[in-house]
Amino acid sequence: MSSDDRWSAEEEDSQVSKLTRKATDSPFVPVGMAGFITVVGYGLYKLKYRGDQKMSVHLIHMRVAAQGFVVGAITIGVLFSMYKDYVKPQFNSGAKK
C-alpha cells in the first residue's frame, strides 16, 4: 500500500481555505461577517456612553442591529445569486437570437 492512499490531517481543509472557498462561492458571506463585526465593535464602543439606558436594552439593540445586517447581506446574496442563475442567462440567450 502506497503512502498516497493513506489519510493525513494535512489533506483536510483548513479554516482559512474553507473561508476563502466560501467567499469565492458567495461573496456576500464575508460582507455579512464584516458588518456583524463592525456593528458589534460599534456597540462595544458606545457601551461606555449609553447614558441612563439599561445594559440589557443596549445589548438587545446591538444584537438586533448585527442580526439585521447579516440577514440583509444574506438576502442580497440570494437575490444576486438568483439574478446570476436565472435572469442573466435569459438576457444572454435572447441577445444571441
Participant: Give a yes or no on whether the backbone of Ala34 and the side-chain of Thr38 come within a donor-acceptor separation of less than 3.5 Å.
Facilitator: yes
Participant: Test of understanding: with side-chain contact (heavy atoms from CB on, under 4.5 Å), list the residues that count as partners of Tyr83, not counting sequence neighbours.
Facilitator: Val87, Lys88
Participant: Enumerate the residue pairs fulfilling side-chain hydrogen bond (donor to acceptor under 3.5 Å, both in side chains) with a member in residues 41-50, sequence neighbours excluded, ordered by first and then second residue.
Facilitator: none
Participant: Taking salt bridge (Lys or Arg N to Asp or Glu O under 4.0 Å) as the test, write out the residues that go with Arg21, two or more places apart.
Facilitator: Asp13
Participant: Just list the side-chain donor-acceptor pairs under 3.5 Å for residues 57-75, sequence neighbours left out, or say none.
Facilitator:
from, atom 1, to, atom 2, distance (Å)
His58, NE2, Gly43, O, 3.1
His61, ND1, Gln53, NE2, 3.3
Thr75, OG1, Val71, O, 2.8

